[in-house]
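Here, residue 1 is the first one in the sequence, and each next residue gets the next number. When a ligand or atom number is given, it counts from 1 through the structure's own listing order.
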Amino acid sequence: MYVLVINAGSSSLKYQLFDMATEEVFAKGLCDRIAIDGILTHQTKGKEKYIKSIAMPNHSKAIEAVLKILCDKEFGCIDDLSQIIACGHRIVHGGEWLTQSVLVNDRVIEDLEKCRSIAPLHTGPHLMGLRGCMENMPTTPQVLVIDTAYHQSMPAHAYMYPIPYALYEKYKIRRYGFHGTSHRYVATKAIEYLGKPAEDTKIITCHLGNGSSISAILGGKVIDTSMGFTPLEGVIMGSRSGDIDPAIVPFIMEKENIPASEMGEWLNKKCGLLGVSGVSSDLRDIDAAIKAGNERAKLAFDILCYDIKKYIGAYTAALNGLDAIVFTAGIGENNVSVRYDSLKDLEFFGIKIDKEKNENFRSMSDPVDISTADSKVRIYVIPTNEELVIARDTMAIVSK
Ligand code: ADP
């Protein structure tokens, strides 16, 4: 019993084949340069890696290539496509139309089409990936798992922006939040570790990667999250600004002669750690530059830690207390200094990070708790696994 998880972007498509009996990844790969030329990188567990140029004029041809290699005698792992019981698709933005994982039918496709209006860059490729699967596997159920869904429990005072209400009604401008599948996965684990009833738990989850978001989770339900209408809001990110005074935007457009059509790209690609440091959007490069004495790299790092600290303070207030903080994703799981600097000097909140455990936790067993014994708040490092959540949701929906 296999579930194929699909993450479709505009020119690339990642996939993982899960064996649902063991929840292990049996095979995974990447279709790259779709609609340009096409490269397939594939690996089945325990077998040699396969990399080949294959013409991929569209997403449907990319899926065709994936299914062919999955059934290949030498590099594949299944005998025929009937062994794939369903496909699960990662959907970045479901708007107010798609608010939970759902089995695809005509109405669901119509709802996904509506999301183009607020998330055109992601929705178009998602639809192409979905249609590619439907064309190549017409009888296989397709499930959508939506990144914004977990945040739908936010109360209106957290998701509404202070703009004319009519514009919310007209364009659906509101906070949606992102990385929901990741926040859900790590919060569920943290609740398990805390060992008290889910409804009594107060957790802050910090998903810190190239894109970063922080969520306040009360009784297992999100009450606030740092990303907003788009994944640009919140803490400073690799090359995204995060929170800035909105008046800066028209000011820069005028001074630098940047048209509105290019401003989104500017805010997403030229700002953040990259913009401040002038070094890189990757924190490993920033770390190396700090060691070499680069002061602007240090400034970018300090802004990140300060942003995280401010969100933790705000969300502790929103939650009226705190049981656990979770760190996850590339930076959260790997960067010792970010965890330490963003949590030090928070004893007032009962948050005490253990320096030694924070640096050496790789030898610890599950759960990884890097708080001191007398810390009132547990501090967990939990590797995220969004694909597993997608596979599980898909399995649960098709088993009904
Ligand atoms: P994305 O948001 O694209 O999924 P990731 O979650 O992989 O990104 O996070 C990328 C960030 O995490 C980069 O800033 C990178 O420096 C950092 N990172 C990723 N892996 C490691 C690692 N093994 N050690 C230190 N930093 C890492």
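- Smallest separation of non-hydrogen atoms from L13 and H59: CD1-CD2, 4.1 Å.
- For ligand 1, the atoms closer than 4.0 angstrom to any heavy atom of G211 are 2 (O).
- For a threshold of 3.5 Å applied to N or O pairs, the pair formed by L283 and ligand 1 contains at least one separation below that value.
- Scanning the protein for heavy atoms near atom 26 (N) of ligand 1, the closest one is R284 CG, 3.6 Å.
- Side-chain contact, S60 with E135: a donor N or O sits under 3.5 Å from an acceptor N or O.
- The protein atom (non-hydrogen) at minimum distance from atom 9 (O) of ligand 1 is G209 CA, 3.3 Å.
- The shortest contact between atom 11 (C) of ligand 1 and any protein heavy atom is with I331 CG1, 3.7 Å.
- The shortest N or O to N or O distance between A329 and ligand 1 is not below 3.5 Å.
- Looking at G330 next to ligand 1, an N or O pair under 3.5 Å apart turns up.
- Between D282 and ligand 1, a contact under 3.5 Å exists for at least one N or O pair.
- Of the charged side-chain nitrogens involved, at least one lies within less than 4.0 Å of a carboxylate oxygen, so that D302 and K298 count as a salt-bridged pair.
- The CD1 atom of I85 sits 11.5 Å away from atom CG of L4, with the distance rounded to the nearest 0.5 Å.
- Ranking the protein heavy atoms by distance from atom 21 (C) of ligand 1 puts N334 ND2, 3.3 Å first.
- Side-chain atoms of E96 and R174, non-hydrogen and from C-beta on, do get closer than 4.5 Å to each other.
- Seen from the ring of Y168, K172 counts as a face-on cation partner, given the 6.0 Å and 45° thresholds.
- In this structure, atom 4 (O) of ligand 1 has no protein heavy-atom contact shorter than 4.0 Å.
- By the 3.5 Å distance cut-off applied to N or O atoms, N210 is counted among the residues near ligand 1.
- Ligand 1 has no nitrogen or oxygen under 3.5 angstrom from a nitrogen or oxygen of H207.
- Between H151 and H183, the ring centre distance stays below 6.0 Å.
- Comment: R107 engages D111 in a salt bridge, judged by a side-chain N to carboxylate O separation of less than 4.0 angstrom.
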